[in-house]
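Just below is one structure, and these are the notes that go with it.
The structure presented is a predicted model; accordingly, all values stated were derived computationally and were not measured. Atoms within a ligand are numbered from 1 in the order they appear, just like the ligands themselves.
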Amino acid sequence: MSEERYLTFALGKGRLAEQTMALFERMGISCEEMKDKRSRKLIFVNEELRLKFFLAKGPDVPTYVEYGAADIGVVGRDTVLEENRNVYEVLDLGFGACRMCVCGPDSARELLLHHERIRVASKYPNIAREYFYNKKHQTVDIIKLNGSVELGPLVGLSEVIVDIVETGSTLKENGLEVLEEVCRLSARMIVNPVSMQMERERIQGLVGRMREMTV
Ligand code: PRP
């Protein structure tokens with residue numbers, strides 16, 4: 001009998017990857033090498049179950065999955081929406097729950113209400129564009145930033161921001177508030193469409209077991 005091929009997972013670095021590995025662990029899928037924080041290794045293997053794991057920057061996870069370099073990816077829904085890659089979203093893992101919101105000072109409410117042509121700063125220009133242009137039918141100027149987006153309205157770069165709100169403390173500490181909710185977010189499992197066909201049983205078996213663990 002031929003050796004079963006490896007199933008490869010791309011995990012978004014950081015808390016999501018840790019929570020995903022903790023979930024796998026509860027399912028009896030462990031990867032000892034990955035627990036060594038000092039290790040500079042990039043790829044971790046579970047020989048017995050024929051699984052491979054690698055950590056990548058969140059926005060790169062859908063790219064690896066679309067091209068089939070990973071069969072399966074775990075990443076926030078924010079990244080799935082922003083990257084808009086050709087992948088199947090198969091499971092809401094429940095953790096990493098937060099919201100994508102339009103935020104700004106209270107004074108910006110009026111501007112939103114009257115559909116003014118405002119400036120919107122965001123790490124997620126595609127999500128911001130989709131929301132303002134296709135959902136609200138409001139023409140705005142979108143400015144891409146790479147982090148600390150809350151600075152936008154504070155230093156006069158933009159009137160509002162489109163950003164992730166989890167506890168709301170970053171907003172509060174900077175005198176900003178949620179003005180509108182764009183969508184709910186959480187960690188998602190995504191699958192390469194060809195892998196889904198070729199390894200349907202294995203992937204669906206895994207997804208089924210993970211679903212049971214997350215409800
Ligand atoms: C995220 C997000 C907000 C903050 C929200 O930023 O962009 O700034 O967390 O969390 P809170 O509602 O619990 O305060 P992150 O820490 O990822 O850094 P970044 O701003 O550099 O992207």
Open item on the list: I72 vs V65, test: side-chain contact (heavy atoms from CB on, under 4.5 Å). Steps then yes/no.
Closed with: CA-CA 6 Å; I72 295 172; V65 175; over 6 Å; no

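Between E181 and K135 no salt bridge is recorded (no basic side-chain N to carboxylate O distance below 4.0 Å). With respect to R202 and E199, a salt bridge is recorded, a charged nitrogen being found less than 4.0 Å from a carboxylate O. K123 has no carboxylate O lying under 4.0 Å from a charged side-chain N of E82, or vice versa, which leaves the two without a salt bridge. A salt bridge links R188 with E89; the closest basic N to acidic carboxylate O contact falls under 4.0 Å.
Among all protein heavy atoms, the one lying closest to atom 1 (C) of ligand 1 is I164 O, 4.7 Å. At the top of the distance list for atom 20 (O) of ligand 1, counting protein heavy atoms only, stands S148 N, 3.1 Å. Given atom 22 (O) of ligand 1, the protein heavy atom at minimum distance is K123 NZ, 2.5 Å. Here the protein heavy atom with the shortest distance to atom 3 (C) of ligand 1 is E150 OE2, 3.2 Å.
For ligand 1 and T167, the ligand atoms under 4.0 Å from any heavy atom of the residue are 11 (P), 12 (O), 13 (O), 14 (O). In summary, the atoms of ligand 1 found under 4.0 Å from a heavy atom of V165, numbered by their order in the structure, are 12 (O). Taking every heavy atom of S169 and a limit of under 4.0 angstrom, the matching atoms of ligand 1 come to 12 (O), 14 (O).
For atom 8 (O) of ligand 1, the protein comes within 4.0 Å by at least one heavy atom. In this structure, atom 18 (O) of ligand 1 has its sub-4.0 angstrom surroundings free of protein heavy atoms.
Not one N or O of V149 is nearer than 3.5 Å to an N or O of ligand 1, by distance alone. Considering backbone and side-chain atoms together, N146 places no N or O closer than 3.5 Å to any N or O of ligand 1.
The closest side-chain heavy-atom distance from N126 to R129 is below 4.5 Å. Proximity of V162 to V149: side-chain heavy atoms (C-beta onward) are nowhere separated by under 4.5 Å.
Taking the six-membered ring for Trp and the full ring otherwise, F9 and F53 have centroids separated by under 6.0 Å.
For atom 14 (O) of ligand 1, the candidate residues are T170, D163, N174, I161; the nearest heavy-atom contact is made by T170.
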